Amino acid sequence: MIFTVTLNPAIDHFVRLDRVELGTVNRASSDQKVAGGKGINVSKVLKRLGHPSETMGFIGGFTGRFIKETLEQEGITANFTEIASDTRINIKIQADQETEINGASPRILEEDLKNLITQLERLKAGDQLVLAGSVPETIKDTIYMTLTEEARKRKADVFIDSSGRAFEYAIKAAPTFIKPNHHELAELFETGPLTPKESLPYVKELLKKDIKYVLVSFAGEGAVLGTREGIYFANTPKGELKNSVGAGDSVVAGFLAALSENKSTVDAFKFSVAAGSATAFSEGFCQREDVEELMKEINIINLEEGV
Ligand SMILES: Nc1ncnc2c1ncn2[C@@H]1O[C@H](COP(=O)(O)OP(=O)(O)OP(=O)(O)O)[C@@H](O)[C@H]1O
Ligand SMILES: O=P(O)(O)OC[C@@]1(O)O[C@H](CO)[C@@H](O)[C@@H]1O
């Protein structure tokens, strides 16, 4: 079973207008509110790709209720710990440029955390745990490391999409899969901007830490997958960028879906990049037919033998 953890979910409030003028009243031509947060998005994309999963994490207040209800309406199992404060609202402005304002995180208590850790006692060999998104300010940066250790004790695989200190700590617990974008990889190694080729020494460094799959995304400039068998480059298909919210989450969901279908590593890589691009080219998240169509435009190059 696949379990996704979103420590800091959100209602994503998409606001569409031609352009934003700061310092004046702007009016939206349309808007939409959806359950969001990286782990939740992974579950939503998995569902579209034909794979069930269960969502965990913290929700609270009227915003939290909205998230639980809409997920259940979509047929996704919601197994959140209920907290006292309201879940945040993240504003996604889709105008001539995309601008995001992510809300402040609610307060999480020690007992809420204990509850989540207890839930992880259900994990067993063959399960996959996805840890994705920001860590609320009241939780220690070591949380993803702790949760990874809990899952590893039970022989479950761990997939991480995070950034900053929480990501840095999580790597120490040797998760199965990580998906930094190129900015996050550069931040981790304190380097300047990196091209796919320039990322190779850093990908190798991460593989040496016993991480099985290191997938670095470069938005529309391709992606690199490091494994012990080889390091590969995938081009990204060409198309009109409509929405980048959830594109990275679709890459994670695509990889998980492909592994569950026993695809080869190279095909899983292709499928995951196609899922990311199919979302980037859609108003919402990708559909499986579009992912399969885009796979035909992706070529994988073996950059180097593994480490
Ligand atoms: N301009 C683009 N053209 C084609 N595909 C794109 C484009 N931008 C993003 N993608 C797709 O989305 C994936 C993830 O993009 P990116 O590297 O920006 O990751 P991210 O920062 O985690 O994403 P997000 O914007 O969702 O946070 C890419 O690997 C690619 O498949
Ligand atoms: O603030 P975080 O947790 O880093 O990111 C949260 C978020 O921006 O990520 C998702 C897209 O990846 C959105 O659904 C959500 O609003």
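Counting convention: from 1, in listed order, for ligands and their atoms alike. Worth saying up front: this structure is predicted, and the values here are computed from it rather than measured.
Polar contact check, Gly248 against ligand 1: a nitrogen or oxygen pair lies under 3.5 Å apart. Residue contacts with ligand 2: Asn8 is placed with no nitrogen or oxygen under 3.5 Å of a nitrogen or oxygen of the ligand (distance criterion only).
For Glu293, the CD atom counts as loosely surrounded, since its 6.0 Å shell holds 12 or fewer non-hydrogen atoms of other residues, nucleotides or ligands. Within a 6.0 Å sphere centred on NZ of Lys263, other residues, nucleotides and ligands contribute more than 12 heavy atoms.
Between the side chains of Asn8 and Ser134, at least one donor N or O sits under 3.5 Å from an acceptor N or O.
Under the 6.0 Å distance and 45° angle rule, Lys179 does not count as a cation-pi partner of Phe255.
With salt bridges taken as basic N to acidic carboxylate O contacts below 4.0 Å, one links Arg152 and Asp157.
Among Ser217, Ser277, Gly246, Ala234, the residue whose heavy atom sits closest to atom 29 (O) of ligand 1 is Ser217. Remark: among candidates Asn102, Asp12, Leu7, the nearest residue to atom 15 (C) of ligand 2 is Asp12, based on non-hydrogen atoms.
Proximity of Gly37 to ligand 2 is established by a heavy-atom distance of less than 4.0 Å.
The Val273 neighbourhood of ligand 1 comprises atoms 31 (O), with distances under 4.0 Å to a heavy atom of that residue. Of all atoms in ligand 2, numbered sequentially from 1 with element shown, those under 4.0 Å from a heavy atom of Gly36 are 14 (O).
Residues Tyr232 and Phe269 keep their aromatic ring centres 6.0 Å or farther apart.
Residue contacts with ligand 1, taken as heavy atom pairs separated by less than 4.0 Å, do not involve His182 at all. Of the heavy atoms in Phe218, only backbone atoms (N, CA, C, O) come closer than 4.0 Å to ligand 1.
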